[in-house]
Amino acid sequence: MQDLARKYMAVGYVLINVKPGFELEVHSAVNELTMVEDATLLFGDYDLLVKMTSESMSQIAAAVVENIRSINGVIDTKTLAGAEL
């Protein structure tokens, strides 16, 4: 666990809203991104929760804008930055 913390300094959680019927397609596409540690389909206000790790939060933000938002079926995203205490 400590080696992982040294390698990755930033953690972001992305909440994604998806067009009805595109849930599995978006889930599959998101899982192929290199920064994605986990992607979980949800019931409720959001359709997908994605955990991303990188060297910086700016790299995560760029990946959300450039990669996740461009996936066919993605309607909206909300990115939450993990806190280091």
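Note that the structure is predicted; figures quoted are calculated from it, not measured. Residue numbers run from 1 in the order of the sequence given.
Within the 3.5 Å criterion, the main-chain N or O of V18 finds a donor-acceptor partner in the side chain of D47. Checking side-chain atoms of S70 against main-chain N and O of E66 turns up a donor-acceptor pair under 3.5 Å.
Expressed to the nearest 0.5 Å, how far NZ of K51 lies from CD1 of I60 amounts to 10.0 Å. With values rounded to the nearest 0.5 angstrom, K78 atom NZ is found 4.5 Å from Y46 atom OH. Taking CG from L15 and CG from L48, the interatomic distance works out to 9.0 Å, rounded to the nearest 0.5 Å. H27 NE2 to I16 CD1: the interatomic distance, rounded to the nearest 0.5 Å, is 9.5 Å. Separation of atoms CD (E23) and OG (S28) is listed at 13.5 Å; rounding is to 0.5 Å. Put simply, CE on M9 and CE on M57 are 13.5 Å apart, with the number rounded to the nearest 0.5 Å.
Here the shortest heavy-atom pairing between A10 and S56 reads CB-C, 3.4 Å. What you find for M35 and Q59 is that their closest heavy atoms are CE-O, 3.6 Å. Nearest heavy atom pair, residue V30 against residue A39, reads CG1-CB, 4.2 Å.
Residue L24 qualifies as open at atom CG: its count of foreign heavy atoms under 6.0 Å is 12 or below.
Using a 4.5 Å heavy-atom threshold, the side chains of Y13 and V50 count as separate.
V65 and L33 fall into different hydrophobic clusters, defined by Ile, Leu, Val, Met, Phe, Trp and Tyr side-chain heavy atoms under 4.5 Å apart, directly or through other members. Side-chain heavy atoms closer than 4.5 Å link hydrophobic residues (I, L, V, M, F, W, Y) into clusters, and following such links, possibly through other members, connects V74 to L41.
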Could you walk me through whether M52 and V11 pass the side-chain contact (heavy atoms from CB on, under 4.5 Å) check? CA-CA 6 Å; M52 300 179 76; V11 177; over 6 Å; no
